[in-house]
Amino acid sequence: MSNLDALPGMTDVTRSHAVPEVFEPREVPLGGLRAMRVERVLPQRGLPTVGAWCFLDAFGPHDVRMRVLPHPHTGLQTVTWPLAGEIHHRDSLGSDVLVRPGQLNLMTAGRGVSHSEFSVSDGMLHGLQLWVALPVERATMAPAFEQHVDLPVYGGVATVVLGTLGDVTSPATTHTPLVGADVTVDGQVALPLRPDHEHAVLAMTELTVAGIAVPRGRLLYLGTGRAEVVLAGSGRAFLLGGEPFPDDLVMWWNFVGRSHEEIVAARAAWAGADELFGTVAGHGGARIPAPDLPGVRLAPRRRRAAQPPEAQ
Ligand code: MN
């Protein structure tokens with residue numbers, strides 16, 4: 001709990017949630033000529049992060065092509081985790097790779113990177129894309145890309161995509177203590193948790209999590225203070241967790257920062273084709289333009305203040 005105690009003005013933020021709490025995703029169109037719809041699971045109003053995880057989109061399964069032209073990122077890591085179909089990733093570092101189910105693409109944006117993601121062929125596409133916020137001291141680090149094709153498995157049931165679950169640690173580079181694991185449930189599965197971390201479970205199929213029936217696509221936020229979570233049923237889930245993130249983040253479009261000014265500068269750099277974001281080969285200069293900024297200052301996303309149960 002020392003990490004929570006160190007947050008000025010944010011004492012007990014995690015426990016201010018009536019945990020466990022089920023969050024519904026919202027459907028949003030992803031950019032591109034033929035917009036693909038995704039289910040945005042995180043951030044949620046009042047729940048901007050789970051550990052350093054600050055964004056979670058689930059897509060599919062549906063018969064759709066992913067066509068995401070070059071676009072920039074700052075201040076985060078992107079985690080691409082396909083469940084069906086193949087995705088072609090190209091970035092401004094010169095990476096040009098396919099990622100398949102069971103494999104992880106991890107791109108660290110740091111001070112700035114750009115990338116494109118296209119599905120390889122028609123057919124079923126299903127997967128998750130998540131972002132991990134970088135801690136302030138790493139937010140402007142040099143960009144990097146890594147792919148992992150042989151991730152370790154905890155207890156024969158949970159692929160440890162990022163971070164540590166029990167005594168199993170993913171080889172992927174992380175910058176804060178966290179966990180991300182793809183869990184197969186057939187009967188009952190108990191996963192060890194760090195009580196000083198907060199956790200949430202995305203039910204990719206209907207499952208019972210911590211005794212609560214969680215419909216497909218919903219996120220069950222568990223808060224801190226748990227040594228394990230039990231998943232029951234038949235299906236699949238994604239476990240997210242980590243040390244509660246200390247900073248209020250300003251998130252806009254594809255940028256994660258800590259101030260309005262930081263985001264404005266990143267947008268201007270992309271709009272001005274600044275070398276900060278490099279170029280992604282193979283698209284003939286095509287790229288996703290930055291949307292207009294809102295006419296107001298961008299505000300940090302904050303955790304929900306404590307509310308009495310009757311106010312809900
Ligand atoms: Mn992206």
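Whatever order the structure lists them in is the order used to number ligands and atoms, beginning at 1.
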Q. Using the ring of each side chain (for Trp, its six-membered ring), is His199 parallel, tilted or perpendicular to His197, with breaks at 30° and 60°?
A. tilted

Q) Within a reach of under 6.0 Å around CG of Asp96, are more than 12 heavy atoms found that belong to other residues, nucleotides or ligands? A) yes

Q | Where at least one partner belongs to residues 167-186, residue pairs that pass ring pair (Phe, Tyr, Trp, His ring centres under 6.0 Å), sequence neighbours excluded | A | none

Q. Using 30° and 60° as the class limits, which term best fits the ring planes of His89 and Phe145: parallel, tilted or perpendicular?
A. parallel

Q | All salt bridge (charged side-chain N to carboxylate O under 4.0 Å, His left out) counterparts of Glu275, not counting sequence neighbours | A | none

Listing, residues 281-292 side-chain donor-acceptor contacts under 3.5 Å, not counting sequence neighbours, or none:
unit_1 : atom_1 : unit_2 : atom_2 : d
His283 : NE2    : Ser116 : OG     : 2.7
Arg287 : NH1    : Trp270 : O      : 3.2
Arg287 : NH2    : Trp270 : O      : 2.9

Q) Leaving out waters, which are not shown anyway, how many protein N, O or S atoms lie closer than 2.8 Å to the Mn ion (ligand 1)? A) 3

